[in-house]
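Worksheet: one structure, shown below.
No experiment lies behind these values; they were computed from the predicted model shown. Start at 1 and go down the list; that is how both ligands and their atoms are numbered.
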Amino acid sequence: MQKKDFLYEGKAKIIYRTDDPVHVLVEFKDDATAFDGVKKDRLEDKGVLNNRLSAHFFSLLEQHGINTHYIKTISDREMLVKSLEIIPVEVIVRNIAAGSLSKRLGIPEKTELKKTVLEFSLKDDELHDPMINHYHIYAMDLAKPEEMAEMERVALKVNEILVPYLKDKNIVLVDFKLEFGRHNGEIVLGDEISPDTCRFWDSSSGEKMDKDRFRRDMGGVVEAYREVLRRLEGGENPAVEGES
Ligand code: UDP
């Protein structure tokens, strides 16, 4: 596999072409952004941790029969993935009220939801990722009904797999965001699964172990990500290159 020209740079990742047209390389950056890029910082080693955390989650999901874009880890910051035609719909899965749901509906944070909630947003920074429903999705031809059915099925299955898996590591999976794409006519789970895209709370203390630490200026962001990785990998402090 040969890394070729730059394809696309997002807020936290850079995508490169490879010599194989059906595979691309994802490089995880240390950049952190929140509130549509208004708040920005560089968090040393975040990219390394998110590369490893995402690889861990994608491998786990593949073992459970989920079709993900993950192929293999290439380096500390890089993974090889299937090239997807991204569907511009973010799928949010919620188990406990937090963040925008609490604000929008007045449900106090930490309230356990009686039923898992699925939400959809249009992936568009300029429009601030507005929430949309199936009618908007079909009216804008963002995805077909059968594709939406598959995305919803997979999103709920991912939740069913991750909730008990994380509970066993003393982590509550509060909510998370998934992105999907098309590859060879199939719907494939793409993007990343990391503390940048999930809310993780320590089961005992309730302490936040995710990007909310950055959004809310709580400090200890990278330390929390490293602790999530330590719990997943079940070892001592995971070694991260560049760490003194
Ligand atoms: N999320 C994300 N990217 C987005 C919006 C949300 O990864 O553009 C994740 C977020 O980290 C959280 C979940 O989706 O785990 C629900 O986020 P929410 O709608 O509460 O928005 P926020 O409060 O993060 O603005």
Closest protein heavy atom (residue, atom, distance) for atom 5 (C) of ligand 1: Glu90 OE1, 4.1 Å
All heavy atoms of Glu62 vs all of Asn67, minimum pair found to be OE2-C, 3.9 Å
Counting N and O atoms only, with roles assigned by atom type, does the side chain of Asp20 sit under 3.5 Å from a partner on the main chain of Val22, one being a donor and the other an acceptor? yes
Within 4.0 Å of some non-hydrogen atom of Cys198, the atoms of ligand 1 are 15 (O)
Closer than 4.0 angstrom, basic N to acidic O: yes or no for Asp212 and Arg199? yes
With salt bridge (charged side-chain N to carboxylate O under 4.0 Å, His left out) as the criterion, how do Arg216 and Glu109 come out once you've worked through the C-alpha distance, each side chain's angles and the decisive distance to 0.1 Å? CA-CA 14 Å; Arg216 301 180 190 192; Glu109 287 213 322; 3.2 Å; yes
Looking at non-hydrogen atoms alone, which of Ser100, Ser102, Ala98, Gly99 comes nearest to atom 18 (P) of ligand 1? Ser100
Classify the side-chain pair Ser100/Arg94 by whether it contains a donor and acceptor separated by less than 3.5 Å. yes
Pull out every atom of ligand 1 sitting under 4.0 Å from any heavy atom of Asp129, numbered as shown with elements. 8 (O)
Kindly state if atom 25 (O) of ligand 1 has a protein heavy atom within a strict 4.0 Å cut-off, that is, under 4.0 Å? no
Looking only at non-hydrogen atoms, the one of Asp191, Val91, Asp175, Asp212 nearest atom 15 (O) of ligand 1 is Asp175
Top protein contact for atom 6 (C) of ligand 1, by heavy-atom distance: Ile92 CD1, 4.3 Å
With heavy-atom distances below 4.0 Å as the criterion, list the atoms of ligand 1 near Arg94. 16 (C), 18 (P), 19 (O), 20 (O)
Charged N-O contact under 4.0 Å between Asp76 and Arg52: no
Step through it carefully: locate the ring centre of His136, locate the ring centre of Phe120, and say whether they are under 6.0 Å apart. no
Only one of Asn50, Val26, Leu178 passes side-chain contact (heavy atoms from CB on, under 4.5 Å) with Glu192; say which it is. Asn50
For atom 3 (N) of ligand 1, which of the options Lys177, Arg199, Glu179 provides the nearest non-hydrogen atom? Lys177
By number and element, which atoms of ligand 1 are closer than 4.0 Å to a non-hydrogen atom of Asp196? 7 (O), 11 (O)
Looking at Arg215, Lys211, Lys11, the heavy atom closest to atom 10 (C) of ligand 1 belongs to Arg215
